[in-house]
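Report on the structure given below.
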Amino acid sequence: GASALAGLLSSMTNLVTLDLANNNIGPEGASALAGALSSMRNLTTLHLGRNDIGPEEASALAGALSSMQNLTTLDLEVNNIGPEGASALAGALSSMQNLTTLDLEVNNIGPEG
């Protein structure tokens with residue numbers, strides 16, 4: 001699954017678009033992907049919507065995202081990021097100067113996130 005794919009993705013450092021939306025990656029897969037994403041610094045588009053990504057996984061992704069300076073599009077729609085995950089993502093987003101599109105719809109972020 002996503003964990004096996006993460007091992008391969010970490011060596012694909014020239015990849016610019018990664019679309020894994022609607023794949024039921026889940027918490028374990030999202031955590032594995034977070035590790036791989038940190039080496040994918042040329043990525044400009046990342047779609048991870050509809051994958052049951054929760055607050056802990058969003059925090060793990062935030063760590064990888066903070067080093068992805070070329071990212072212009074980030075889609076995390078329809079997950080379960082919640083306020084804690086949104087707060088973690090906010091820290092990473094502040095360093096992403098090239099980001100032009102961000103989709104966080106339907107994530108139960110609420111007023112605290």
Side-chain angles (χ1 to χ4, degrees):
S3 296
L5 185 60
L8 173 68
L9 288 173
S10 63
S11 66
M12 302 180 79
T13 57
N14 291 321
L15 196 67
V16 293
T17 300
L18 180 59
D19 187 346
L20 292 171
N22 206 23
N23 273 293
N24 198 27
I25 290 171
E28 183 179 316
S31 294
L33 281 174
L37 288 172
S38 61
S39 65
M40 302 177 73
R41 297 185 183 211
N42 289 316
L43 212 59
T44 60
T45 303
L46 179 59
H47 293 283
L48 292 174
R50 301 175 187 269
N51 274 305
D52 193 29
I53 296 171
E56 291 178 17
E57 298 77 40
S59 294
L61 286 171
L65 291 171
S66 62
S67 66
M68 300 175 74
Q69 298 301 308
N70 293 318
L71 204 65
T72 59
T73 301
L74 176 59
D75 178 0
L76 291 168
E77 68 171 328
V78 193
N79 281 293
N80 194 23
I81 291 171
E84 294 144 14
S87 293
L89 287 171
L93 294 172
S94 66
S95 67
M96 299 172 72
Q97 302 294 320
N98 292 314
L99 194 67
T100 58
T101 304
L102 175 64
D103 190 346
L104 294 174
E105 69 178 307
V106 190
N107 268 293
N108 299 314
I109 291 171
E112 313 83 52

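It should be emphasised that the depicted structure is a prediction, and the values quoted were computed from it without experimental measurement.
Residue Val78 is not grouped with residue Ile109 when hydrophobic side chains (ILVMFWY) are merged at heavy-atom distances under 4.5 angstrom, including chains of intermediate members. The cluster map of Ile, Leu, Val, Met, Phe, Trp and Tyr, joined by side-chain heavy atoms under 4.5 Å apart, puts Leu8 and Leu48 in the same cluster. Note: the hydrophobic cluster containing Leu5 also contains Met12 (ILVMFWY, side chain heavy atoms under 4.5 Å, direct or indirect links).
Annotation for Gly91 and Ser94: closest pair O-OG, 2.7 Å, computed over non-hydrogen atoms.
Thr17 OG1 to Asp19 CG: the interatomic distance, rounded to the nearest 0.5 Å, is 8.5 Å.
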Original post:
Should Thr72 and Leu99 be marked as a side-chain contact (heavy atoms from CB on, under 4.5 Å) after you check the CA-CA gap, both sets of side-chain angles, and the distance that decides it?
Top reply: CA-CA 4 Å; Thr72 59; Leu99 194 67; 5.6 Å; no
**OP:** Would you please test Leu104 and Leu74 for side-chain contact (heavy atoms from CB on, under 4.5 Å) and show each step?
**Re:** CA-CA 9 Å; Leu104 294 174; Leu74 176 59; 5.8 Å; no
**OP:** Kindly determine whether Leu15 and Thr13 satisfy side-chain contact (heavy atoms from CB on, under 4.5 Å), including the steps that lead there.
**Re:** CA-CA 6 Å; Leu15 196 67; Thr13 57; over 6 Å; no
**OP:** Kindly determine whether Met68 and Arg41 satisfy side-chain contact (heavy atoms from CB on, under 4.5 Å), including the steps that lead there.
**Re:** CA-CA 5 Å; Met68 300 175 74; Arg41 297 185 183 211; 5.6 Å; no
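A distance-only check finds a donor-acceptor pair linking the side chain of Asn98 to the backbone of Gln69 [under 3.5 Å]. Checked by atom type and distance alone, the side chain of Asn79 pairs as donor or acceptor with a backbone atom of Ile53 at under 3.5 Å.
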Listing, residues 20-34 side-chain donor-acceptor contacts under 3.5 Å, not counting sequence neighbours, or none:
unit_1: Asn23; atom_1: ND2; unit_2: Leu20; atom_2: O; d: 3.0
unit_1: Asn23; atom_1: ND2; unit_2: Ala21; atom_2: O; d: 3.1
unit_1: Ser31; atom_1: OG; unit_2: Pro27; atom_2: O; d: 3.1

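More than 12 non-hydrogen atoms from other residues, nucleotides or ligands lie less than 6.0 angstrom from CD of Glu77.
Take Thr73 and apply the side chain to side chain contact (heavy atoms under 4.5 Å, CB included) test, not counting sequence neighbours, and it matches Thr45, His47, Thr101.
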